[in-house]
Amino acid sequence: MNRRTVLRLGAATALGTLATEFGVPAFAQQKLVLKAADVHPIGYPTVEAVLAMGKKLEAATGGRISIQMYPSMQLGGEKEAIEQAQVGALAIARISVGPMGPLVPELNVFNLPFMFRDDAHMEQVIDGPIGDELLKKLSSHPTAGLIGLCWMNAGTRNVYNSKRPIRSIDDLKGLKIRMMGNPVFVDTMNALGGNGVAMGMDQLVNAMQTGVVDGAENNAPTYTTGQHYRHAKYYSLTGHLMIPEILVFSKKTWSTLAQDDQALIAKLAKEAQQDQRKAAGIEIIKIDDKRPFQAAVKPVWDKYGAQHADLIKRIQDLK
């Protein structure tokens, strides 16, 4: 060992000793900025929940770890966010359960139409053991490359279009409706008499402008903040889907974090699960009888629900 090496080692030891003396780990000043993405804009409940989580994380770590949010599809749609998180280019993404169903089949149970009785029932499920089990299934998936941090309430999804108000199931016939890229959603719209078109959110506005689709289905905050009302003025309260969303973390980035930092992020994510729940929405067309809609999607339940009968029973039994 030469003199220069000894001097370097001595300096490092001295810095480490000073840091320990003052209660600061030797490399604690190395800052980590976690990139987060959402298709929704600033002000949307899920975006605000992650921003609040970032402030808590920065405060808890003395500025060592922070979150930088990229809202409004700045980094692409959900498909791109998932891919970027899988390779570690993005740390945090808020994604719909829809794209995760093909990876973790049990998650498709949440994608079934009319699965939950109401908001309270859904929150009871995602806040309890069933929600925790499904997050663990995603986190332990051998190829998904994602850690499931927490659930977020995406509200009730309703159909909106430019052609006509939907007051009965017959009014859906022939309408081209954008659906998330999961076969269960396309099959649901087709079962209801519409024409389901799988498409990314980042393509939707252009598709409505050009008539590729007549409309879409989503919750009221998305309809308003995305300004979809400019292209589809009829918003009908079909209530056909009530799908929770997931906040995921890149498994590649997660593996580089200290266990204490992992535990802190997991704790703050669970707090974000509660912080995100805000009242928002608009009502345009009320549907008095949804029983024909529920009856029409029985083939979807038969196709996608049969293999998960036990899990579905556990969900339905929660009162």
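Residue numbers count from 1 along this sequence.
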Heavy-atom pair with the smallest gap, counting every atom of [X] and [Y]:
X    : Y    : answer
K35  : L90  : O-CD1, 3.4 Å
Y160 : H228 : OH-ND1, 2.8 Å
P105 : H308 : O-NE2, 3.3 Å
T253 : T256 : O-OG1, 2.5 Å

Interatomic spacing from [atom1] in [X] to [atom2] in [Y] - rounded to 0.5 Å:
X    : Y    : atom1 : atom2 : value
E245 : R94  : CD    : CZ    : 4.0 Å
R157 : T188 : CZ    : OG1   : 11.0 Å
T46  : H40  : OG1   : NE2   : 5.0 Å
Q262 : W254 : CD    : CH2   : 5.0 Å
Q74  : M69  : CD    : CE    : 10.0 Å
L34  : L257 : CG    : CG    : 7.0 Å

Taking [X] for the side chain and [Y] for the main chain, is one N or O donor matched with an acceptor at less than 3.5 Å?
X    : Y    : result
S250 : A85  : yes
E58  : K55  : no
S162 : D214 : yes
H231 : T210 : no
Q294 : F114 : no
D275 : A49  : no
Q276 : E48  : no
K252 : A89  : no
K31  : S66  : no
Q124 : K319 : yes

Handout entry: Residue from N161, V159, L192 passing side-chain contact (heavy atoms from CB on, under 4.5 Å) with L175
Key = N161
Hey, are [X] and [Y] close enough for a salt bridge, meaning a charged N less than 4.0 Å from a carboxylate O?
X    : Y    : value
D171 : R167 : no
K173 : D170 : yes
K137 : E133 : no

Practice task
Please work out whether the ring planes of Y223 and Y229 are parallel, tilted or perpendicular, with thresholds of 30° and 60°.
Solution key: perpendicular
Exercise for the section: Could you label the plane-to-plane angle of the F110 and F116 rings as parallel, tilted or perpendicular, counting under 30° as parallel and over 60° as perpendicular? Expected result: tilted
Practice task
Mind running side-chain hydrogen bond (donor to acceptor under 3.5 Å, both in side chains) on S96 and E78 for me, showing each step along the way?
Solution key: CA-CA 8 Å; S96 303; E78 289 194 349; 3.0 Å; yes
Problem - Residue from Q274, K267, Q273 passing side chain to side chain donor-acceptor pair (under 3.5 Å) with E271 - result: K267
Problem - Check: V213 and Q203 side chains under 4.5 Å, non-hydrogen atoms - result: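 Contact flag for Q203/V213 side chains = no.
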Practice task
Find out whether M180 and N111 are in side-chain contact, i.e. whether some heavy atom of one side chain is under 4.5 Å from a heavy atom of the other.
Solution key: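 The answer is no, as the side chains (C-beta and beyond) never meet within the 4.5 Å cut-off.
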Practice task
Give the intermediate values and the outcome of salt bridge (Lys or Arg N to Asp or Glu O under 4.0 Å) for residues R277 and D119.
Solution key: CA-CA 11 Å; R277 293 170 187 173; D119 239 28; over 6 Å; no
Problem - Donor-acceptor side-chain pairing of N182 and N108 below 3.5 angstrom - result: yes
Handout entry: Side-chain H-bond candidate by donor/acceptor type, S72 with Y44, under 3.5 Å
Key =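 Their side chains do not contain a donor-acceptor pair, so the 3.5 Å distance test is not met.
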Practice task
Verify the cluster assignment for V50 and I42: are they in a single hydrophobic cluster under the rule of side-chain heavy atoms below 4.5 Å apart?
Solution key: yes
Exercise for the section: Spell out, yes or no, whether L51 and L32 are grouped together once hydrophobic residues are joined by side-chain heavy atoms under 4.5 Å, including indirect joins. Expected result: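 Yes, L51 connects to L32 through the hydrophobic network.
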